[in-house]
Structures are given as C-alpha cells and as structure tokens.
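Scope of the values below: all heavy atoms of this structure, side chains included, with no hydrogens, waters or symmetry mates.
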Amino acid sequence: MDNKELIKIFNKAISDIGFKKKRNNVWYRKGEYVTEGVYLQKSMFGNHYYFRYGYVINELDLDGYFCHIDYKPAFLLREYSLIEKLFNLEVDISDIDRDLQLKKIIKSNLQSSNLDVPNSKEDLTEKIFILNLYVDAKVMKHLNIGRKDDKYYRL
C-alpha cells in the first residue's frame, strides 16, 4: 500500500462518520461549540503517519494551527500499538487487513456517540481541568482561566 491509498482509505472511513476533508490530511467535524479535528501527520523519519486529534473552538480563529487543543481520547492510548502499525507503511500488513482494521478503529472509536465532545464553554473548561490539557494563552483568555504550578484555575 502506498501513501495515496492509505489516505484514500482513511478519507472514506472518516467521511462516512461525518468528517469533511479541509486540506491535505486534515478533516473536521463541526459541533455546537467545538469542531473536532483529525490530522494525519507524515513522519519526517520514515514512511508512516502520526494520528492527531483535537478541538477547534468555533468562536476563535485558528491562526494557522490545526486545532486549539490537542487531545488524545482514551482509544488512542488503548489501541496505540495497533494504530501505530496501521499507519506505518513499512510494517508488513496486507492491504485488505490494513483497510479493514483502519475502518473498524475509525468507525468504533470516532463515532460522535463514543466521544465526550464538549458542547459548551463550561464543558470544555471542565475537560481541560480534569485531564489537565495544555492550552495556550489565547484559549485561556477565552475560557477565563489561568494556570499556575501546572494547575488550572478559574479567574
């Protein structure tokens, strides 16, 4: 399987669950308060991709970034080794197996019902507090939060 075929398979699977391709290897699914983003980042060191997921706050400009908040849902951690193999074109997996397994992981894990996607400023703030997600100054100002000693607080 080559890069183009991998992207084609991924695009089909992710489009089937509501994501729309916006630019090279970037897909978004618009929500009420945040938009989910998925990015396949090509490695500079081999023929493989990194799977990135994050949130875009609909009220803020992206300023050229992929998302405002990089986030790793539990399934990315739980199935990390399989995901890593499927997106590594140097790993010997038949095209059919790679296709079927990618579709299964995407469909079973990226359905909106399987993700706790924040649908308000309060939901997003709570998720940041609970998971201690990194956010930049622009997002902290928007959410009216601060950070000290690696902990967030409300202003």
Side-chain angles (χ1 to χ4, degrees), residues 1-44 48-89 98-147 152-155:
M1 178 175 291
D2 64 12
N3 293 346
K4 288 182 181 182
E5 186 63 24
L6 176 70
I7 300 298
K8 183 179 172 185
I9 289 168
F10 185 81
N11 183 58
K12 170 73 173 113
I14 203 150
S15 296
D16 286 349
I17 57 168
F19 283 83
K20 296 184 183 344
K21 190 169 186 175
K22 294 296 180 188
R23 60 181 199 267
N24 283 347
N25 303 344
V26 177
W27 294 260
Y28 291 107
R29 178 168 58 190
K30 190 161 177 65
E32 193 174 312
Y33 178 71
V34 298
T35 294
E36 298 166 272
V38 172
Y39 175 37
L40 289 184
Q41 181 179 6
K42 177 77 170 83
S43 172
M44 294 172 45
H48 59 277
Y49 289 82
Y50 301 105
F51 181 96
R52 293 181 54 203
Y53 176 87
Y55 297 133
V56 176
I57 299 171
N58 295 337
E59 299 170 356
L60 297 178
D61 290 329
L62 273 174
D63 299 327
Y65 293 101
F66 151 66
C67 65
H68 293 114
I69 303 168
D70 262 325
Y71 173 57
K72 285 196 164 101
F75 84 88
L76 282 178
L77 302 175
R78 189 177 57 245
E79 300 190 53
Y80 181 79
S81 63
L82 176 59
I83 291 169
E84 189 176 52
K85 287 177 187 168
L86 293 174
F87 285 111
N88 185 344
L89 296 175
R98 191 181 310 266
D99 182 352
L100 291 173
Q101 290 183 54
L102 272 174
K103 288 175 182 172
K104 180 181 176 187
I105 283 178
I106 290 164
K107 187 170 185 172
S108 65
N109 293 294
L110 284 174
Q111 296 279 9
S112 56
S113 60
N114 294 341
L115 295 169
D116 185 21
V117 179
N119 58 20
S120 70
K121 191 181 266 192
E122 293 74 29
D123 286 352
L124 181 58
T125 301
E126 195 64 29
K127 187 164 229 166
I128 289 167
F129 280 28
I130 291 169
L131 298 175
N132 200 28
L133 300 173
Y134 173 78
V135 296
D136 66 17
K138 179 179 180 177
V139 172
M140 286 194 294
K141 182 178 179 182
H142 175 77
L143 297 174
N144 204 28
I145 61 176
R147 185 174 173 98
Y152 289 103
Y153 59 89
R154 297 179 196 283
L155 297 176

Across all chains, not counting sequence neighbours, the ring-ring contact (aromatic ring centres under 6.0 Å, His included) partners of Tyr39 are Phe66
If you look at every heavy atom in [X] and [Y], which pair is closest and at what distance?
X	Y	result
Lys21	Arg23	CE-O, 3.4 Å
Met140	Gly146	SD-C, 4.1 Å
Leu89	Met1	CD2-O, 4.0 Å

Ignoring hydrogens and angles, tell me if any N or O in the side chain of [X] forms a donor-acceptor pair with the backbone of [Y] under 3.5 Å.
X	Y	value
Tyr152	Val135	yes
Asn88	Glu84	no
Arg29	Leu110	yes
His68	Asp61	yes
Lys121	Tyr33	no

Within a strict 4.5 Å, meaning less than it, do heavy atoms of the [X] and [Y] side chains meet?
X	Y	answer
Tyr134	Asp70	no
Val34	Ile69	no
Tyr153	Leu155	yes

Problem - Criterion side-chain contact (heavy atoms from CB on, under 4.5 Å) on Leu102 and Leu6, from CA distance to verdict - result: CA-CA 9 Å; Leu102 272 174; Leu6 176 70; 3.4 Å; yes
[atom1] of [X] to [atom2] of [Y]: how many Å apart, nearest 0.5 Å?
X	Y	atom1	atom2	answer
Asn109	Ile83	CG	CD1	7.0 Å
Gln41	Asn25	CD	CG	10.0 Å
Cys67	Tyr53	SG	OH	10.0 Å
Phe10	Phe19	CZ	CZ	8.0 Å
Glu122	Leu143	CD	CG	9.5 Å
Ile14	Leu40	CD1	CG	7.5 Å

Would you call [X] and [Y] a salt bridge, using N to O less than 4.0 angstrom?
X	Y	result
Asp16	Lys107	no
Lys138	Asp63	yes
Asp123	Lys127	no

Checking Tyr28, Tyr65, Tyr71 against Tyr55 for ring-ring contact (aromatic ring centres under 6.0 Å, His included), the one that qualifies is Tyr71
Neighbour count above 12 (heavy atom, 6.0 Å) for [X] [atom1]:
X	atom1	result
Lys42	NZ	yes
Glu5	CD	yes
Lys85	NZ	no

### Task
Would you verify whether the NZ or CZ of Arg154 falls within 45 degrees of the ring axis of Phe129 while also being under 6.0 Å from that six-membered ring's centre?
yes
